[in-house]
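I have placed the structure first, in the form of structure tokens, so that the comments after it can refer back to it.
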Amino acid sequence: MKKAALLILVVFTSLCFKTIAHKFYLSVTEIEYKKEKKDLQIVSKVFIDDFKNVLEKRYGETITLSKEAEAGPVNPLIQKYLSAKLKISVDGKPVSLNYLGKKYDKDQLILFIEAENLEPFKEISITNAVLTDMFDDQKNVVNVKIGKEVKSLMLRRDAETNVLNFGDWF
């Protein structure tokens with residue numbers, strides 16, 4: 001009887017502490033101001049499957065995001081989505097962002113974006129709502145580099161926009 005009770009206790013305990021797989025929703029965006037070129041260079045990394053799902057759901061299109069077999073109106077949908085979800089202002093003025101292209105890296109999609117003809121600025125406001133319309137717990141890390149100074153933000157569905165001040169860096 002003691003062996004049966006011990007066996008039940010061991011089985012029950014192992015079931016209680018069984019790890020449950022939980023998907024992690026995160027994107028990372030690197031923004032760097034190049035003073036000599038007067039532009040912002042933006043590189044954003046997202047998971048391919050999540051990005052594919054949000055584009056299909058939002059725009060009702062069937063696409064394939066794959067280095068080997070890309071299919072459907074991929075680039076126009078990416079450009080449309082980014083223009084709705086990624087916004088930047090410098091010193092209170094909206095900046096026009098240009099989607100340049102993408103690269104596949106294992107399970108990630110790397111997006112290349114730029115903003116041109118920007119004079120040095122003190123304040124940058126960033127809205128990054130990428131994938132927040134698909135996942136409640138999506139987190140978007142944004143790192144901004146100006147000169148030698150780097151500052152970071154963590155943006156979420158309930159806090160999609162934040163402002164960074166760089167003072168007199170130029």
Side-chain angles (χ1 to χ4, degrees), residues 23-59 63 65-67 70 73-170:
K23 191 160 181 176
F24 191 61
Y25 300 107
L26 179 74
S27 80
V28 177
T29 300
E30 304 285 336
I31 300 172
E32 184 173 1
Y33 179 70
K34 297 287 188 172
K35 185 176 179 181
E36 64 281 355
K37 293 182 179 183
K38 293 185 177 180
D39 69 2
L40 284 177
Q41 296 177 353
I42 304 162
V43 177
S44 189
K45 297 178 182 180
V46 296
F47 287 104
I48 293 170
D49 57 340
D50 296 339
F51 205 66
K52 174 191 179 296
N53 290 340
V54 78
L55 291 177
E56 287 184 336
K57 183 178 177 185
R58 186 174 177 103
Y59 300 113
I63 61 169
L65 290 178
S66 167
K67 184 182 204 177
E70 190 173 283
V74 172
N75 284 323
L77 292 180
I78 291 173
Q79 188 166 359
K80 187 176 182 179
Y81 186 76
L82 289 175
S83 69
K85 296 295 184 172
L86 184 64
K87 299 189 183 302
I88 295 176
S89 297
V90 295
D91 291 335
K93 298 173 189 162
V95 170
S96 177
L97 299 178
N98 304 313
Y99 167 67
L100 301 175
K102 66 190 168 319
K103 175 174 95 170
Y104 295 95
D105 184 25
K106 298 176 186 145
D107 62 346
Q108 291 188 334
L109 184 64
I110 303 171
L111 305 166
F112 300 97
I113 306 150
E114 74 174 356
E116 299 176 296
N117 302 318
L118 297 176
E119 293 299 325
F121 53 88
K122 295 181 181 181
E123 179 183 279
I124 184 168
S125 173
I126 302 160
T127 298
N128 187 342
V130 170
L131 296 170
T132 59
D133 50 342
M134 186 82 159
F135 306 110
D136 290 338
D137 52 350
Q138 174 72 30
K139 292 178 179 57
N140 296 318
V141 175
V142 179
N143 300 311
V144 180
K145 181 178 181 187
I146 298 180
K148 294 182 180 185
E149 192 171 359
V150 178
K151 294 186 178 186
S152 299
L153 300 170
M154 173 81 73
L155 302 174
R156 305 173 309 278
R157 177 182 275 188
D158 62 341
E160 296 174 340
T161 303
N162 208 331
V163 177
L164 294 172
N165 290 296
F166 284 88
D168 294 326
W169 64 271
F170 50 90

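Counting only heavy atoms from C-beta outward, the side chains of S83 and Y99 never approach each other to under 4.5 Å. Proximity of Y33 to I124: side-chain heavy atoms (C-beta onward) are nowhere separated by under 4.5 Å. K87 places none of its side-chain heavy atoms less than 4.5 Å from the side chain of P94. Side chains of N143 and V28 form a contact here, defined as non-hydrogen atoms less than 4.5 Å apart. In this structure, the side chains of E116 and N98 come closer than 4.5 Å at one or more pairs of heavy atoms. You'll find the side chain of F112 stays beyond 4.5 Å of the side chain of I42, heavy atoms only. Taking the side chain as every heavy atom from C-beta outward, L109 and Y104 approach each other to under 4.5 Å.
The heavy-atom pair separating N128 from T29 by the smallest distance is ND2-OG1, 3.3 Å. Contact detail for T161 and T127: the closest heavy-atom pair is OG1-OG1, 2.5 Å. In this structure, I63 and P73 approach most closely via the heavy-atom pair CG2-CD, 3.9 Å. Residue K122 comes nearest to G167 through the heavy atom pair CG-O, 3.1 Å, listed as atom of the first residue, atom of the second, then distance. Contact record, G92 with E123: N-OE2, 4.3 Å, taken as the closest heavy-atom pair. A pairwise comparison of heavy atoms in L164 and K151 identifies CD1-CB, 3.9 Å as the closest pair.
Distance CD1/I110 to CD/E30: 11.0 Å, rounded to 0.5 Å. Interatomic distance, L77 CG to L82 CG, rounded to the nearest 0.5 Å: 11.0 Å. Here the CD1-CG distance, from I126 to N162, works out to 8.0 Å after rounding to the nearest 0.5 Å. Separating the CZ atom in R58 from the NZ atom in K85 is a distance of 4.5 Å, to the nearest 0.5 Å. Summarising the geometry, atom OG belonging to S152 is positioned 10.5 Å from atom CD1 belonging to I31; distances are rounded to the nearest 0.5 Å. Rounding to the nearest 0.5 Å gives a distance of 13.5 Å between NZ of K52 and NZ of K57.
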Worksheet item: Do K102 and L111 pass the side chain to side chain contact (heavy atoms under 4.5 Å, CB included) test, and can you show the C-alpha distance, the side-chain angles, and the key distance before you say yes or no?
Response: CA-CA 4 Å; K102 66 190 168 319; L111 305 166; 4.0 Å; yes
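Between Y25 and F135, the ring-plane angle classifies as parallel under the 30° and 60° cut-offs.
Checked options K139, R156, E160; the residue passing with T132 is E160 (criterion: side chain to side chain donor-acceptor pair (under 3.5 Å)). Results of the salt bridge (charged side-chain N to carboxylate O under 4.0 Å, His left out) test with R157 over D136, D133, D137 single out D136 as the only residue that passes. Of the listed residues (V95, I88, D91, D39), just one forms a side chain to side chain contact (heavy atoms under 4.5 Å, CB included) with L118, and that residue is V95.
Under the 6.0 Å cut-off for aromatic ring centres, F51 and Y81 qualify, their centroids lying closer than that.
With salt bridges taken as basic N to acidic carboxylate O contacts below 4.0 Å, none links K37 and E114.
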